[in-house]
Amino acid sequence: MRAFLTVLLKELIMFFRSWGLVAVVLYSFTIDVYIAGKGFEVKPRNVSVGYVDYTDGVVSKKILSHLHPPEFQEPIRFNSQEELSKAVYNREIIVGLIFDPDFEKNYFKGKAQLNLLLDATAAAQSYITLSYIQNIVLRFNDLNFPVDLKTHKLFNQNSDTPKFLALAEFLSILTLITVILSSVVFVKEKESGTWDIMLLMPVDSKVIILAKSISQIIIVMVGTIICTGIVLFGVFDLPMNGSFFAFVLLTLMYTFSTTGIGLFIASVAQSLVQVAQLSVIIMMPIIFLSGSWTPIYSMHPILQQLSLLSPLRYYIEGCESLFFRGTPVSDLWLYFAALFILGSVLYLFGFRKIGKLF
C-alpha cells in the first residue's frame with residue numbers, strides 16, 4: 001500500500017510540475033467547453049438577405065420587415081434577378097427573395113408565389129433558415145386547419161441549444177483527455193529513457209500500473225468537478241434534475257473504460273506523437289458511434305448495432321437523463337451495468353497489455 005501511494009503521489013506531483021500539460025487540461029475543461037457552447041449557433045444568426053421587388057407593394061414590405069436582427073441582416077435590394085443570382089453565387093448574400101410583378105395581386109387572389117434563392121452549401125443552416133422564412137410567410141396566410149396543434153416542450157422549455165452543445169463537448173473532451181493522459185504517463189517514461197529504471201524498481205508491476213492509471217483518473221475527476229461547477233453550472237446554468245452523486249459515479253466508471261484504451265495505446269506507442277495519432281484513430285469512431293454528433297436513430301442499422309459497443313453512448317445517455325430528465329438512479333441501472341461491463345473489460349485488457357512490457 002505504501003508503494004502504491006508513493007507512485008500515485010509521484011505521478012500527481014510530476015503532472016503539476018508540467019505546466020504545459022496542466023494548461024492543456026485546464027483549457028480543455030474550461031475554455032474549450034465554453035467556446036463549443038457559445039461559439040456555435042444552430043438557429044440562423046446574421047444571415048445576409050437580398051431581394052428583388054418588382055411589385056413595390058405593401059405585402060412584400062411587410063414580409064421583408066420580419067427579416068430583422070439578430071436572425072437576419074438588413075435586407076439588401078437588387079434591381080434584377082440576375083444581380084441577385086450573382087450575389088448569391090459570389091457569397092455576398094445567403095438568401096434571395098424574388099417578388100414577381102403580380103405578387104401582390106395574386107396574393108389577394110390566394111395564389112401568390114414567392115421565389116427563393118438559397119445558398120445550400122451549409123446544408124443544416126440553410127434548412128433551418130428556410131423553415132424560418134416559411135413560418136414568416138405562413139403568418140400572412142389565413143389558413144383554417146381542422147387540428148389545433150399545441151406544443152409542449154419537455155426537459156428544455158426554452159430550446160436552449162448552448163446547454164446541449166456545452167455538455168456534449170465536455171463529454172467528448174473528457175474522453176480524449178482521459179485516453180491521452182493515461183497513455184502519456186507511460187510513454188513519457190519510454191521517451192525520457194527511464195523505462196528500464198522503472199522496471200528495476202522493487203515494486204510489483206501491477207502496483208505501478210494501477211497507481212499510474214488511477215493518478216490520471218484523479219486528475220480527470222478534478223477537471224470534471226471544475227468544468228461542471230464553473231462552466232456548466234456557472235456559465236450555462238445547466239440544470240441538475242437528477243442526482244449529482246450518480247453523475248460523479250457514472251463519470252468514474254466511464255473513466256475506467258477510457259483509461260483501459262489509454263493503457264492499450266501506451267503498450268503500442270513508442271512516442272508522444274504516436275499517442276496523439278493512435279488516440280485520434282481509436283477515439284473518433286467511438287465518439288461518432290456515441291450519438292454526440294449524429295442521433296443514433298438516424299444512423300444505418302449496422303452502425304446502430306455497433307454503437308452498443310461504445311461506452312460513450314451509455315455515458316452520454318446517462319448524463320442527459322440525469323441533467324435534463326431528472327431520471328431516478330434506480331432507472332439508470334442499464335447505463336451503470338453497461339459501463340461497468342465495458343469498463344471492466346477495457347481496463348483489464350489494457351492492464352494486461354501494458355503489463356506484458358514489464
Side-chain angles (χ1 to χ4, degrees), residues 25 28-30 32-33 36-37 155-156 163-182 210 213-234 236-263 282-283 285-293 295-296 306-351:
V25 173
S28 301
F29 280 110
T30 54
D32 184 84
V33 176
F155 314 122
N156 186 21
K163 293 181 179 179
F164 284 93
L165 294 176
L167 179 60
E169 181 67 12
F170 159 68
L171 301 180
S172 299
I173 283 296
L174 184 143
T175 302
L176 291 173
I177 290 296
T178 309
V179 171
I180 292 174
L181 288 181
S182 57
L210 192 63
S213 59
I214 290 182
S215 66
Q216 306 310 303
I217 291 177
I218 293 174
I219 293 170
V220 171
M221 292 303 296
V222 172
T224 298
I225 299 300
I226 293 175
C227 180
T228 305
I230 297 177
V231 182
L232 298 183
F233 291 161
F236 293 97
D237 195 23
L238 191 70
M240 173 52 77
N241 297 318
S243 170
F244 183 76
F245 175 77
F247 163 70
V248 174
L249 181 60
L250 198 69
T251 303
L252 181 61
M253 296 174 65
Y254 175 67
T255 54
F256 275 94
S257 301
T258 50
T259 299
I261 298 174
L263 293 178
I282 294 177
M283 293 312 302
I286 293 178
I287 295 176
F288 174 76
L289 292 173
S290 66
S292 60
W293 292 351
I296 294 176
L306 290 176
S307 68
L308 296 174
L309 301 176
S310 173
L312 184 56
R313 169 183 176 172
Y314 304 102
Y315 183 50
I316 290 178
E317 292 180 355
C319 288
E320 289 182 348
S321 298
L322 287 170
F323 279 101
F324 296 105
R325 300 176 183 271
T327 305
V329 178
S330 58
D331 294 337
L332 297 174
W333 66 269
L334 177 62
Y335 305 122
F336 281 101
L339 286 177
F340 177 79
I341 294 173
L342 291 173
S344 300
V345 172
L346 290 173
Y347 187 79
L348 290 176
F349 173 75
F351 194 95

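As the structure is a computational prediction, the values presented were derived from the model and not from experiment.
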inquiry  = If the condition is ring pair (Phe, Tyr, Trp, His ring centres under 6.0 Å), which residues does Phe256 pass it with, not counting sequence neighbours?
reply    = Tyr347
note = side-chain hydrogen bond (donor to acceptor under 3.5 Å, both in side chains) filter on Tyr254, not counting sequence neighbours, yields Thr175
key: Results of salt bridge (Lys or Arg N to Asp or Glu O under 4.0 Å) for Glu317 - residues two or more places apart only   = Arg313
key: ring pair (Phe, Tyr, Trp, His ring centres under 6.0 Å) partners of Tyr314, counting only residues at least two apart   = none
task = Mind checking side-chain contact (heavy atoms from CB on, under 4.5 Å) for Pro328 and listing every partner two or more places apart, or none if nothing turns up?
result = Ser330, Asp331
task = List for me each residue that meets side-chain contact (heavy atoms from CB on, under 4.5 Å) alongside Ser215, sequence neighbours excluded, and say none if there are none.
result = Leu8, Glu11, Leu12
ask   = What residues, two or more places apart in sequence or in another chain, satisfy side-chain contact (heavy atoms from CB on, under 4.5 Å) together with Ser321?
value = Arg325, Thr327, Leu332, Tyr335
Which residues share a ring pair (Phe, Tyr, Trp, His ring centres under 6.0 Å) with Phe247, sequence neighbours left out = Phe244, Phe323
request  = Would you indicate whether the side-chain heavy atoms of Met253 and Pro311 approach each other to under 4.5 Å?
outcome  = no
key: SG on Cys227 to CG on Leu232, rounded to 0.5 Å   = 4.5 Å
ask   = Closest heavy-atom contact between Ser290 and Ile296?
value = O-CD1, 3.8 Å
request  = Output the distance between atom OG (Ser172) and atom CD1 (Ile316), rounded to the nearest 0.5 Å.
outcome  = 6.0 Å
query = Among all residues two or more places apart in sequence or in another chain, which pass the side-chain contact (heavy atoms from CB on, under 4.5 Å) test with Thr178?
reply = Leu174, Val220, Thr255, Thr258, Thr259
Phe349: ring pair (Phe, Tyr, Trp, His ring centres under 6.0 Å) partners, not counting sequence neighbours = Phe264
inquiry  = Run the side-chain hydrogen bond (donor to acceptor under 3.5 Å, both in side chains) test against Thr251 and tell me which residues pass, sequence neighbours left out.
reply    = Tyr315
inquiry  = Using every non-hydrogen atom in the two residues, find where Ser257 and Leu339 come nearest and quote the distance to one decimal.
reply    = OG-O, 4.0 Å
